[in-house]
There are 2 protein chains.
Amino acid sequence: MEETDRSIVAALSADGRMSYTDLAEKVGLSVSAVHQRVRRLEQRGVITGYAAKVNFEEIGLPLTALVAIRPFDPAQPDDAPEKLAHLPQIDSCYSVAGEDFYLLLVRVASPSDLEKLLQEIRTSANVTTRTTVVLSTPYEQRPPSVS
Amino acid sequence: MEETDRSIVAALSADGRMSYTDLAEKVGLSVSAVHQRVRRLEQRGVITGYAAKVNFEEIGLPLTALVAIRPFDPAQPDDAPEKLAHLPQIDSCYSVAGEDFYLLLVRVASPSDLEKLLQEIRTSANVTTRTTVVLSTPYEQRPPSVS
DNA sequence: ACTGAAAAGATCCCTTT
DNA sequence: AAAGGGATCTTTTCAGT
């Protein structure tokens with residue numbers, strides 16, 4: 001990827017609602033040129049969407065946890081991500097190297113909701129779980145270093 | 001938090017660039033009422049910002065890893081997050097319960113960049129590291145279930 | 001690919017209910 | 001708290017380079 005596109009991606013990663021006017025000034029192009037480039041970045045799948053960043057404590061999801069999962073029966077077909085996709089408490093699903101198969105980042109309202117979620121995860125995907133509770137989040141989802 | 005604010009947060013989590021016109025229609029309020037509510041959500045720190053979602057492979061950061069860290073000397077003051085904040089490869093930092101002290105989500109261009117980053121993490125914060133490489137990401141940063 | 005300009009649309013502030 | 005109105009700014013498209 002090229003220099004101007006990189007600075008566009010960097011700027012929109014830091015402020016996803018920045019206007020094309022401001023973006024144009026920032027990257028040193030006309031508004032219509034920047035607009036065209038952003039559209040291309042979206043079409044090429046470099047920019048896949050835009051999201052508000054929220055304070056999860058404030059929206060009633062103060063408990064974050066990392067759930068490592070392993071199939072109960074390693075001989076079974078492994079389609080845990082699809083089987084778990086319907087659970088809205090799951091923020092992210094990573095397929096990982098190492099002893100575990102997947103790592104899930106989950107957000108819930110309370111320990112008892114975490115307990116229910118873990119049961120749902122185990123029965124939905126026929127897996128065992130090992131859960132690490134997040135105590136605090138010094139920082140999260142920082143804009144990438146697109147340099 | 002109240003019903004209308006919740007649907008505003010849900011809508012902007014799913015599409016952070018949605019116009020106030022569309023948002024107003026979605027939540028059944030006038031444009032000015034929605035605008036006022038969004039500003040209040042921002043001021044109260046419920047919405048903390050907006051970000052473009054990017055395809056990290058496309059922007060030259062195809063390697064994601066989870067790095068568990070522990071102080072080399074547990075008697076030393078523990079300020080690893082601040083000591084590591086300057087490293088732009090670190091996307092997120094979670095303080096966790098369990099054997100490890102912090103979990104970092106990092107994104108780099110290559111295995112050799114991961115190696116360099118791990119060295120920097122160890123020397124910057126005087127910690128040991130245990131790294132789990134992400135092989136693929138079935139899904140990530142899904143909008144929260146604000147219901 | 002970029003620019004400039006013009007029309008359409010959105011934002012933002014202020015007043016009223 | 002919400003709605004309406006209107007000035008201002010932004011988005012979007014298009015002709016020209």
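Letters A, B, ... are given to chains in the order of the sequence lines, protein chains preceding strands, and every chain is numbered from 1. Note that these values count all heavy atoms, side chains included, but never hydrogens, waters or copies made by symmetry. Bear in mind the structure is a predicted one, so any value in this text is a computation, not a measurement.
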Q: Could you check how far CG of A/Asp22 sits from C1' of C/dT11, rounded to whole Å?
A: 13 Å
Q.
From CD of B/Glu2 over to C1' of D/dA2, roughly how many Å is that when rounded to an integer?
A. 12 Å
Q. Is A/His35 near enough to D/dT12 that one of its side-chain N or O atoms lies under 4.0 angstrom from OP1 or OP2?
A. yes
(Q) Over all strands shown, is B/Thr21 touching base, sugar-phosphate only, or nothing at heavy-atom distances under 4.0 angstrom? (A) sugar-phosphate
(Q) Of the listed nucleotides (D/dA3, D/dA1, C/dC2), which one gets closest to any side-chain atom of B/Ser32? (A) D/dA3
Q.
Quick check against the 3.5 Å criterion: does A/Arg142 have a side-chain atom that pairs as donor or acceptor with the backbone of B/Cys93?
A. no
**Q.** Gap between atoms CD and P, on B/Gln36 and C/dC14 respectively (whole Å)
**A.** 13 Å
Q.
I'd like to know if B/Glu2 pairs up with B/Arg40 as an ion pair, taking the criterion as any Lys NZ or Arg NE/NH1/NH2 lying under 4.0 Å from an Asp or Glu carboxylate oxygen.
A. no
Q: Rounded to the nearest angstrom, tell me the gap between atom CG in B/Leu12 and atom C1' in C/dT11.
A: 14 Å
Q: Please figure out whether A/Val31 or A/Arg17 has its closest DNA chain C nucleotide nearer the 5' end.
A: A/Val31
Q: Would you mind reading off the distance between A/Glu25 atom CD and D/dT11 atom C1', rounded to a whole angstrom?
A: 17 Å
Q | Stepwise side-chain hydrogen bond (donor to acceptor under 3.5 Å, both in side chains) check, A/Gln43 with A/Arg39 | A | CA-CA 6 Å; A/Gln43 281 169 1; A/Arg39 283 172 69 94; over 6 Å; no
Q: Find the distance B/Met18:CE to D/dT10:P and express it as a whole number of Å.
A: 21 Å
Q: Report the nucleotide, chosen from D/dA3, D/dT10, C/dT3, that has the shortest atom-to-atom distance to any side-chain atom of A/Ala33.
A: C/dT3
Q: Looking only at non-hydrogen atoms, find the nearest pair between B/Ala11 and B/Leu23 and report the distance.
A: CB-CD1, 3.5 Å
Q.
Looking at D/dA2, I'd like to know if its phosphate oxygens (OP1 or OP2) sit under 4.0 Å from a side-chain N or O belonging to B/Arg37.
A. yes
**Q.** Value in whole Å for how far the P atom of C/dA1 lies from CD1 of A/Ile8
**A.** 12 Å
Q | Nucleotide C/dA1, atom P - distance to CG of A/Leu41 in whole Å | A | 11 Å
Q. Distance-only, no hydrogens or angles: does the A/Thr129 side chain make a donor-acceptor pair with backbone N or O of A/Ile69 under 3.5 Å?
A. no
Q | side-chain N/O B/Arg39 vs C/dT11 OP1/OP2, d < 4.0 Å | A | no
